[in-house]
Amino acid sequence: MDKNIPYKTYLEESEMPKQWYNVRADMKNKPAPLLNPATLKPMTAEELGVVFCDELVDQELNTTDAYIDIPEEIREFYKMYRPSPLVRAYCLEKALGTPAKIYYKFEGNNTSGSHKLNSAIAQAYYAKKQGLKGVTTETGAGQWGTALSMACAYFGLDCKVYMVKVSYEQKPFRREVMRTYGASVTPSPSDTTNVGRKILAEHPGTTGSLGCAISEAVEVAVGSEGYRYVLGSVLNQVLLHQSVIGLESLAAFEKLGEKPDIIIGCAGGGSNLGGLISPFMGQKLRGEADYRFIAVEPASCPSLTRGKYAYDYCDTGMVCPLAKMYTLGSGFIPSANHAGGLRYHGMSSTLSQLYDDKLMEAVSVEQTKVFEAAQQFARIEGILPAPESSHAIRVAIDEALKCKETGEEKTILFGLTGTGYFDMVAYQKFNDGEMSDYIPTDDDLAKGFAGLPKV
Ligand SMILES: Cc1ncc(COP(=O)(O)O)c(C=O)c1O
């Protein structure tokens, strides 16, 4: 153990960021704008304001201000669980016998269990400030729905959650946590919306997807007086809120007199990864420092590594604006044996642009390898990680093992986005040797690509 470096580095409360960092301000090639699906013109603030809260619309469209103030009420809430620790994984390093230094930024240290709370509290705050009655949303594995339910309870807002049916059925306790916080939870697709009824008629017996649940949540928000829709990933505003992860990491490394060489994050819609890398990416874009950034996605839902960079619908019902992103097509649904989270068909436009500009790398990993890493990490470091986070653990371990071969003393940082206590059905499958891998064939992917809009 390096005597100068503690296991956990915490910032003082007073050192917590006072502003979020907006990486788009430093990007030479800005992410492409959202398009109105009817006119194919960039969405205006008025059009977006029908669906989203006004201040969030401003943040979504803001590509010029590098720093945006974090309102005092949100900072007060953040203080309940932030700053989050930057942990030196000494035990893991020792077990791997690697000369690499491994750090993780642990975001599972709040009651909701993941980084999603960083944006949930911001979005609930702006909804409350606008005088709304409530918000609607979708949730897949349930981490976002849990975080948003908690944030809405704090501000006294109603919260309607459309939960992907397979998770609703597999994770009754996750659902009950949301209901305990006061949210209503509906399995999606449902017969409570036009789009849900249409999807059920076309695909009877479907287990649902994030794309379906988004369509339902948007329909309900737009049709209910005093409600707006909020989204837990993909959008620029969400990456902005998640930049607290990267800002704190950067400040903690500066405090330690260290600097990461490789920064790794799992990538679903891109919010934790975008938030973790943003301030470091800013330094790279401004020519102040260099880093390797690695996005890790499941081999069964490989939007960056095998997707197309194109305008696509953000949802299955095609009611949302079009986003230019790496995508598998809005009709793509990962194979039923996929248990490891990260099942969204597209990727944040900001991360898609950075990837297309070769400023970031991406790799895909198979779920049995992900759960092997999760189990190894739990046994060595003690934290039982979320399956999503375990994608980053897998690649952090792989990079550390490469250092063992070459003898390089690299410093690796990865995002440990959450805990996996509600994912025990997936862990059970893995422990019983019943988990399998499915990698979509080119033909499978071609079906998704066939549904891409002609823009
Ligand atoms: C714990 C955890 N990590 C990561 C993700 C991936 O989402 P994102 O790419 O938006 O960070 C999720 C998504 O549900 C999650 O629950």
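In each ligand, atom 1 is the first atom listed, and ligand 1 is the first ligand listed. Here the structure is a predicted model, which is why all the values come from computation and not from measurement.
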Starting from [atom], find the nearest protein heavy-atom neighbour and note its residue, name and distance.
{"atom": "atom 6 (C) of ligand 1", "value": "Leu342 CD2, 3.4 Å"}
{"atom": "atom 2 (C) of ligand 1", "value": "Thr417 OG1, 3.5 Å"}
{"atom": "atom 10 (O) of ligand 1", "value": "Ser233 OG, 2.4 Å"}

**Prompt:** About how many Å separate CD1 of Ile383 and CD1 of Ile393, when rounded to the nearest 0.5 Å?
**Reply:**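 Output value for this atom pair is 8.5 Å.
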Is a donor on one side and an acceptor on the other found under 3.5 Å between the side chain of [X] and the backbone of [Y]?
{"X": "Asn110", "Y": "Gly113", "result": "yes"}
{"X": "Lys165", "Y": "Pro187", "result": "no"}
{"X": "Thr316", "Y": "Cys212", "result": "yes"}
{"X": "Ser243", "Y": "Tyr21", "result": "yes"}

If you apply the rule side-chain hydrogen bond (donor to acceptor under 3.5 Å, both in side chains), what do you find for Gln367 with Ser300, and how did you get there?
CA-CA 8 Å; Gln367 66 176 354; Ser300 52; 5.7 Å; no
Any N or O of [X] that comes nearer than 3.5 Å to an N or O of ligand 1?
{"X": "Ser114", "answer": "no"}
{"X": "Gly232", "answer": "no"}
{"X": "Gly269", "answer": "yes"}

In terms of atom number and element, which parts of ligand 1 are under 4.0 angstrom from non-hydrogen atoms of [X]?
{"X": "Gly270", "answer": "8 (P), 9 (O), 10 (O)"}
{"X": "Ala386", "answer": "1 (C)"}
{"X": "Asn272", "answer": "4 (C), 8 (P), 9 (O), 11 (O)"}
{"X": "Cys266", "answer": "4 (C)"}

One thing to verify: whether Lys369 and Asp398 come together as a salt bridge, which I'm taking to mean a side-chain N less than 4.0 angstrom from a carboxylate O.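 Between Lys369 and Asp398 there is no salt bridge, as every charged N stays at least 4.0 Å from the carboxylate O atoms.
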Is His115 close enough to touch ligand 1? Criterion: a residue heavy atom under 4.0 Å from a ligand atom. yes
**Message:** So, 4.0 Å and heavy atoms of Ala141: is ligand 1 close enough to count as a contact?
**Reply:**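 No, Ala141 has no heavy atom closer than 4.0 Å to ligand 1.
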Note: Val238, heavy atoms under 4.0 Å from ligand 1, region reported as neither
Record the part of Ser271 in heavy-atom contact with ligand 1 below 4.0 Å; permitted values are side chain, backbone, both and neither.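 Answer for Ser271: both.
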Side-chain donor-acceptor pair present, Glu47, Asn36, cut-off under 3.5 Å: yes
Given the rule in the side-chain hydrogen bond (donor to acceptor under 3.5 Å, both in side chains) test, do Asn118 and Glu107 qualify, once you have shown the distances and angles that lead to the verdict?
CA-CA 9 Å; Asn118 299 328; Glu107 292 291 321; 3.3 Å; yes
Query raised in the report: Between Asp261 and Tyr291, does a side chain to side chain contact (heavy atoms under 4.5 Å, CB included) hold up when you go through it step by step?
Result: CA-CA 5 Å; Asp261 299 299; Tyr291 304 96; over 6 Å; no
**Prompt:** Given Lys116, Gln143, Arg343, Gln242, which has its nearest heavy atom closest to atom 12 (C) of ligand 1?
**Reply:**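 Going through Lys116, Gln143, Arg343, Gln242 one by one, Lys116 has the nearest heavy atom to atom 12 (C) of ligand 1.
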